[in-house]
Amino acid sequence: MPLYPFDLAASADYLRWRDGKLGTQPARVTELIVDIADPFHLTDRERDALLQRCATTNMAIYRSPLRHEDKSIALQLGRQVGLNRLDGNWLADEDGVSQIEVAPPVGDRMAFIPYTNRPIKWHTDGYYQPPERLIRAMILHCVRSAGAGGESALMDHEMAYIALRDANPDWIRALMQPDAMTIPAREDDDGVARPEQAGPVFSVSGSDGTLHMRYTARTRSIQWKDDAPTREAVAFLEQLLSGDGPGIWRLRLEPGMGLLCNNVLHDRSGFVDDPLQPRLMYRARYLDRVMSAPAQSTSVMTAELYA
């Protein structure tokens, strides 16, 4: 499949896609929210509303009345929108779902920022994974929010691509190099736990032509290609994500709410736990993307949702 519309030589195709993309963006973060009565049994309208938001912004926020501890809430909702190939990591539970909470001061989790109350910088999930295991979608379901803080910022990676390409197409070319960003090997007491992983920031799926982004704003344990276009592109992206420009959404997930997305850029502010009700999120990561929205409803629903 060609790189369309992400081929730098196909300017006309890119501009058509860009204009269509920008013309369907929501004006407020609340327009990303879909109220659902039962995550286990989505109605056709609820499902189509989730799919439509993912089709236009690569993300949707659902809001449900279910607030109890049950990881199958996220898993069953995922199955209904085409997410089946769960990618469990070594810190996830046996069912492949990670419980994101402040870890006790023992064990492996305490060494990793998601399991603390510290801020997490902008990233896409699984940026250290090999090409055959790219994280293409994820669900983050809130069981309990923090006592204070814990806000998320979100940005559709396609909007970041547009900002970079419009500013300088050479920056996109640099970030599509196969060695643009390298994650050094991670070692433990038994040796190399994860080998070094180099790869592009932006890549295009050969099966469906969709855009994937692999990125972290971390400054430690990251090796960027040492050439001028890459350095300039990284600096531009850092500046873009440091503000509140178009396409950056901020909200706090409350109990029963969740993020469904095609692995968009996201961060998390630091937080303070309520000791009686500590923050708990379920995270499910997938090798699939959210399925496409029904073609017959796309234009009608876009007009309706963002009117």
Participant: Please lay out, stage by stage, how Asp156 and Met59 fare under the test side-chain contact (heavy atoms from CB on, under 4.5 Å).
Facilitator: CA-CA 7 Å; Asp156 181 351; Met59 68 185 100; 4.0 Å; yes
Participant: For His123, give me all partners under ring-ring contact (aromatic ring centres under 6.0 Å, His included), at least two apart in sequence or on another chain.
Facilitator: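 Partners of His123 by the ring-ring contact (aromatic ring centres under 6.0 Å, His included) criterion, ordered by chain and then number, come out as His266.
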Participant: Distance-only, no hydrogens or angles: does the Asn263 side chain make a donor-acceptor pair with backbone N or O of Asp125 under 3.5 Å?
Facilitator: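 A pair under 3.5 Å: yes.
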Participant: Do Ile135 and Tyr286 touch side chain to side chain, with heavy atoms closer than 4.5 Å?
Facilitator: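 Not touching, per the 4.5 Å side-chain cut-off.
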Participant: According to side-chain hydrogen bond (donor to acceptor under 3.5 Å, both in side chains), who are the partners of Asn262, at least two apart in sequence or on a separate chain?
Facilitator: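 Partners of Asn262 under the side-chain hydrogen bond (donor to acceptor under 3.5 Å, both in side chains) test: Asn58.
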Participant: So, Gln80 side chain and Leu42 main chain: donor-acceptor pair closer than 3.5 Å or not?
Facilitator: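 Checking the backbone N and O of Leu42 against the side chain of Gln80, a donor-acceptor pair under 3.5 Å is found.
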Participant: To the nearest 0.5 Å, what is the distance between CG on Leu32 and OG1 on Thr30?
Facilitator: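 Result: 8.0 Å between the selected atoms.
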Participant: So Tyr14 and Phe6, ring pair (Phe, Tyr, Trp, His ring centres under 6.0 Å) or not? Walk me through it.
Facilitator: CA-CA 6 Å; Tyr14 165 68; Phe6 307 111; 7.9 Å; no
Participant: Out of Asp267, Ile248, Ile61, Leu265, which one pairs with Leu154 under the side-chain contact (heavy atoms from CB on, under 4.5 Å) rule?
Facilitator: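 That would be Ile61.
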Participant: Can any side-chain N or O of Thr43 pair as donor or acceptor with the backbone N or O of Glu46 at less than 3.5 Å?
Facilitator: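 It does hold such a pair.
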Participant: Set out, in order, the CA-CA distance, both residues' side-chain angles and the distance that settles side-chain contact (heavy atoms from CB on, under 4.5 Å) for Leu51 and Val290, then state yes or no.
Facilitator: CA-CA 7 Å; Leu51 296 180; Val290 176; 3.5 Å; yes
Participant: Would you say Thr124's side chain and Tyr215's backbone share a donor-acceptor pair under 3.5 angstrom?
Facilitator: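 Yes; at least one donor-acceptor contact below 3.5 Å.
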Participant: Which other residues belong to the hydrophobic cluster containing Leu66, where Ile, Leu, Val, Met, Phe, Trp and Tyr are joined when side-chain heavy atoms lie under 4.5 Å apart, directly or via other members?
Facilitator: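 Phe40, Ile73, all in the cluster of Leu66.
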Participant: At what distance, to the nearest 0.5 angstrom, does OG of Ser205 lie from CZ of Arg289?
Facilitator: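 If I round to the nearest 0.5 Å, the distance is 8.5 Å.
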Participant: Using a strict cut-off of less than 4.0 Å between a Lys/Arg side-chain nitrogen and an Asp/Glu carboxylate oxygen, indicate whether Arg279 and Asp274 qualify as a salt bridge.
Facilitator: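 Between Asp274 and Arg279 there is no salt bridge, as every charged N stays at least 4.0 Å from the carboxylate O atoms.
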Participant: Mind listing the closest non-hydrogen atom pair of Glu254 and Ser145 along with its distance?
Facilitator: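 In this case the closest contact between Glu254 and Ser145 is OE1-OG, 2.9 Å.
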Participant: Should Met176 and Trp171 be regarded as members of a common hydrophobic cluster, given that ILVMFWY residues are connected when their side-chain heavy atoms come within less than 4.5 Å of each other, either directly or indirectly?
Facilitator: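 Yes: a chain of side-chain contacts under 4.5 Å links Met176 to Trp171.
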Participant: Under a single-linkage definition using a 4.5 Å side-chain heavy-atom cutoff for Ile, Leu, Val, Met, Phe, Trp and Tyr, are Leu237 and Met155 assigned to the same hydrophobic cluster?
Facilitator: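 Hydrophobic grouping puts Leu237 with Met155.
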Participant: Would you say Asp44 has more than 12 foreign heavy atoms packed within less than 6.0 Å of its CG?
Facilitator: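 No, because the 6.0 Å sphere around CG of Asp44 holds 12 heavy atoms or fewer from other groups.
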Participant: Measure across Gln52 and Ala293 and return the closest heavy-atom pair with its distance rounded to 0.1 Å.
Facilitator: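 Taking Gln52 first and Ala293 second, the nearest heavy atoms are OE1-CB, 3.8 Å.
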Participant: For the pair Lys225 (side chain) and Thr230 (backbone), establish whether a donor and an acceptor sit closer than 3.5 Å, ignoring hydrogens and angles.
Facilitator: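 Not confirmed, Lys225 side chain does not pair with Thr230 backbone.
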Participant: So which atom in Ala233 and which in Leu164 form the shortest heavy-atom distance, rounded to 0.1 Å?
Facilitator: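 It is O-CD2, 3.8 Å.
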Participant: According to side-chain hydrogen bond (donor to acceptor under 3.5 Å, both in side chains), who are the partners of Arg47, at least two apart in sequence or on a separate chain?
Facilitator: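 Applying side-chain hydrogen bond (donor to acceptor under 3.5 Å, both in side chains) to Arg47 gives none.
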Participant: Evaluate the side-chain proximity of Gln197 to Pro130: yes if any heavy-atom separation is below 4.5 Å, no if none is.
Facilitator: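 The answer is yes, as the side chains (C-beta and beyond) meet within the 4.5 Å cut-off.
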Participant: Is any side-chain heavy atom of Ile183 closer than 4.5 Å to one of Glu196?
Facilitator: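 No. Closest side-chain heavy atoms not under 4.5 Å.
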Participant: What's the shortest heavy-atom distance between Tyr282 and Asp70, and which atoms?
Facilitator: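 Smallest interatomic distance, heavy atoms only, reads OH-N, 3.4 Å.
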Participant: As an exercise, state the distance from NE2 of His212 to CD of Glu158, rounded to the nearest 0.5 Å.
Facilitator: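 The CD atom of Glu158 is 12.5 Å from NE2 of His212, to the nearest 0.5 Å.
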Participant: If every non-hydrogen atom of Ala174 is compared with every non-hydrogen atom of Ala180, which pair is closest and at what distance?
Facilitator: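 Heavy atoms only, the tightest pair is O-CB, 3.6 Å.
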Participant: Do Tyr127 and Phe202 belong together in a cluster built from hydrophobic side chains that touch within less than 4.5 Å?
Facilitator: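 Same cluster.
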Participant: Would you tell me whether Tyr128 and Arg214 have side-chain atoms, one donor and one acceptor, within less than 3.5 Å of each other?
Facilitator: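 Looking only at side-chain atoms, Arg214 and Tyr128 do not form any donor-acceptor pair under 3.5 Å.
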Participant: Would you call Lys121 and Thr216 a side-chain contact if the rule is heavy atoms closer than 4.5 Å?
Facilitator: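 No, every pair of side-chain atoms sits at 4.5 Å or beyond.
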Participant: Can you confirm whether Trp17 sits close enough to Ile162 that some side-chain heavy atom of one is under 4.5 Å from a side-chain heavy atom of the other?
Facilitator: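 When only atoms from C-beta onward are counted, Ile162 and Trp17 do touch, with a gap below 4.5 Å.
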Participant: Side chains of Thr57 and Gln25: donor-acceptor distance under 3.5 Å anywhere?
Facilitator: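 The criterion, which ignores hydrogens and geometry beyond distance, is not satisfied for Gln25 and Thr57.
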Participant: Applying the 4.5 Å side-chain criterion to the ILVMFWY set and letting contacts propagate, would Leu253 and Phe271 be lumped into a single cluster?
Facilitator: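 No, Leu253 and Phe271 fall in different hydrophobic clusters.
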Participant: Find the distance between NE2 (His141) and CG (Leu77) and round it off to the nearest 0.5 Å.
Facilitator: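 Between atom NE2 of His141 and atom CG of Leu77 there are 9.0 Å.
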Participant: Taking NZ, NE, NH1 and NH2 as the nitrogens, is one of them in Arg136 or Asp288 under 4.0 Å from a carboxylate oxygen of the other?
Facilitator: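 A salt bridge is absent here (no side-chain N lies under 4.0 Å from a carboxylate O).
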Participant: Suppose we screen for side-chain hydrogen bond (donor to acceptor under 3.5 Å, both in side chains). Which residues come up paired with Asn84, at least two apart in sequence or across chains?
Facilitator: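 With sequence neighbours excluded, Asn84 shows a side-chain hydrogen bond (donor to acceptor under 3.5 Å, both in side chains) to no residue whatsoever.
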Participant: Would you call Trp249 and Ser152 a side-chain contact if the rule is heavy atoms closer than 4.5 Å?
Facilitator: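 No, side chains not in contact.
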Participant: Residues in side-chain hydrogen bond (donor to acceptor under 3.5 Å, both in side chains) with Asn117, at least two apart?
Facilitator: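 None.
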Participant: Look at Glu31 together with Arg53 and state whether they make a salt bridge at an N to O cut-off of under 4.0 Å.
Facilitator: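 No.
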Participant: Nearest 0.5 Å, please: how far is CG in Leu287 from CG in Leu86?
Facilitator: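 Going from the CG atom of Leu86 to the CG atom of Leu287 covers 8.5 Å.
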Participant: If I take atom CZ from residue Arg252 and atom CZ from residue Arg268, how far apart are they, to the nearest 0.5 angstrom?
Facilitator: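 The CZ atom of Arg268 is 12.5 Å from CZ of Arg252, to the nearest 0.5 Å.
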Participant: Do the side chains of Arg133 and Asp87 get nearer than 4.5 Å, heavy atoms only?
Facilitator: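 Touching, per the 4.5 Å side-chain cut-off.
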Participant: Is it true that a side-chain atom of Arg144 and a backbone atom of Leu280 form a donor plus acceptor pair closer than 3.5 Å?
Facilitator: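 Judged by distance alone, no pair lies under 3.5 Å.
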Participant: Considering only heavy atoms from C-beta outward, does the side chain of Arg173 approach that of Leu8 to under 4.5 Å?
Facilitator: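 A side-chain contact exists here, since the closest heavy-atom pair is under 4.5 Å.
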Participant: Hey, mind stepping through Asp48 and Arg45 against salt bridge (charged side-chain N to carboxylate O under 4.0 Å, His left out) and telling me if it holds?
Facilitator: CA-CA 5 Å; Asp48 286 353; Arg45 185 171 182 80; over 6 Å; no
Participant: Say whether, by atom type as modelled, one donor and one acceptor occur between the side chain of Asp273 and the main chain of Pro275 under 3.5 angstrom.
Facilitator: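 Pair absent, no side-chain N/O of Asp273 close to backbone of Pro275.
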Participant: Hydrophobic clustering (ILVMFWY, side-chain heavy atoms < 4.5 Å, transitive) - are Met213 and Val234 grouped together?
Facilitator: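 Both belong to a single hydrophobic cluster.
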Participant: Hydrogens and angles aside, do Glu151 and Ser269 bring a side-chain donor and acceptor to less than 3.5 Å of each other?
Facilitator: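 Ser269 and Glu151 do not have a side-chain donor-acceptor pair below 3.5 Å.
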Participant: Minimum heavy-atom separation for Pro184 and Ile222, please, with both atom names.
Facilitator: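 Looks like CD-N, 4.2 Å.
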